[in-house]
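Following: one structure in structure tokens, then a few remarks.
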There are 2 protein chains.
Amino acid sequence: MKNRLRDLRTAKGMTQEDLAEIIGVSRQTINAIEKEKFDPSLPTAFKMAKLFEMTIEELFQFEG
Amino acid sequence: MKNRLRDLRTAKGMTQEDLAEIIGVSRQTINAIEKEKFDPSLPTAFKMAKLFEMTIEELFQFEG
DNA sequence: AAAAAATGTAAATAAAACTTGACTTTTGTA
DNA sequence: TACAAAAGTCAAGTTTTATTTACATTTTTT
């Protein structure tokens, strides 16, 4: 699963810490998702997509 | 998290078992998601949305 | 160069998706 | 009515994995 999180976050001038607080997870969780260590839960994916005003499919690309 | 899984599945004339095999989970998992006992994982959500040719947001409605 | 801020990562925990198996109920149909 | 297929349920267990904690490294700023 790929994602565009890093680009979108930096484009908004936010740190991983900033994003973590808004979404309601730890800073390390944001980092792990950006580095594509694992996928977010569905609720977390929804929050992220809403924040960046796009669909989950636009934010995360599932290859499978 | 609400979803339209049941309607879409029956509209295609599929049983829970049919859907389970296509997605790659157990029949009870499909049933539990239809009955909104828990949310699917993000990969499972992707597979479902693709099968029914719609976005995850159209298939699942997050109230948060 | 030094301090601070931001990011990276391993290890452990916690949570939740998912399975198995058994049983009941509903629905259709012969 | 009787049978079978599909759906519902529920407990209990497994397993995956999202998430956290703690510590290390890199980058940025002064």
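Every chain is numbered from 1, with letters handed out A, B, ... down the list of sequences.
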Sugar-phosphate, base or nothing in reach of Thr15(B), heavy atoms under 4.0 Å: sugar-phosphate
Arg6(A), CZ: over 12 other non-hydrogen atoms inside 6.0 angstrom: yes
Minimum-distance nucleotide (side-chain atoms of Gln28(A) versus dT9(C), dT7(C), dA7(D)): dT9(C)
Any Gln16(B) side-chain N or O less than 4.0 Å from OP1/OP2 of dG8(D): yes
Gap separating the NZ atom of Lys50(B) from the CD1 atom of Ile23(B), nearest 0.5 angstrom: 10.5 Å
Interatomic distance where NZ belongs to Lys35(A) and C1' belongs to dT25(D) [whole Å]: 12 Å
Presence of Ser26(B) side-chain N/O under 4.0 Å of dC18(C) phosphate oxygens OP1/OP2: no
Side chain to side chain, Phe46(B) and Glu57(A), heavy atoms closer than 4.5 Å: yes
CD-CD1 distance between Glu21(B) and Ile30(B), expressed to the nearest 0.5 angstrom: 10.5 Å
N or O in side chain of Thr44(A) less than 4.0 angstrom from dA18(D) OP1/OP2: no
Estimated bend of the helix from dA1(C)-dT30(D) to dA30(C)-dT1(D) (axis per five terminal pairs, rounded to 10 degrees): 50°
Between CD1 on residue Ile56(A) and CD on residue Glu58(A), distance to nearest 0.5 Å: 11.0 Å
Value in whole Å for how far the P atom of dC18(C) lies from CD of Glu21(B): 17 Å
Candidate nucleotides dT9(D), dA18(D), dA7(D), ranked by approach to the side chain of Arg6(B) - the nearest: dA7(D)
Glu34(A) and Arg9(A) ion-paired at < 4.0 Å: yes
Phosphate-side-chain proximity, Ser41(A) and dA18(D), N/O vs OP1/OP2 below 4.0 Å: no
Between P of dA16(C) and CG of Asp39(B), the distance in whole Å: 10 Å
Interatomic distance where NZ belongs to Lys37(B) and P belongs to dG8(D) [whole Å]: 11 Å
Below 4.0 Å: OP1/OP2 of dA22(D) and any side-chain N or O of Arg27(A): no
Phosphate-side-chain proximity, Asn31(A) and dT7(C), N/O vs OP1/OP2 below 4.0 Å: no
Nearest-Å distance for atom pair NZ/P, residues Lys47(A) and dA18(D): 15 Å
Rounded distance in Å - CD (Glu17(B)) to P (dA7(D)): 9 Å
Gap between atoms CG and P, on Asp7(B) and dA7(D) respectively (whole Å): 13 Å
Pairwise side-chain contact, Leu51(B) with Leu19(B), heavy-atom cut-off 4.5 Å (strictly under): yes
Length of the line joining Ile30(A):CD1 and dT9(C):P, which is rounded to integer Å: 16 Å
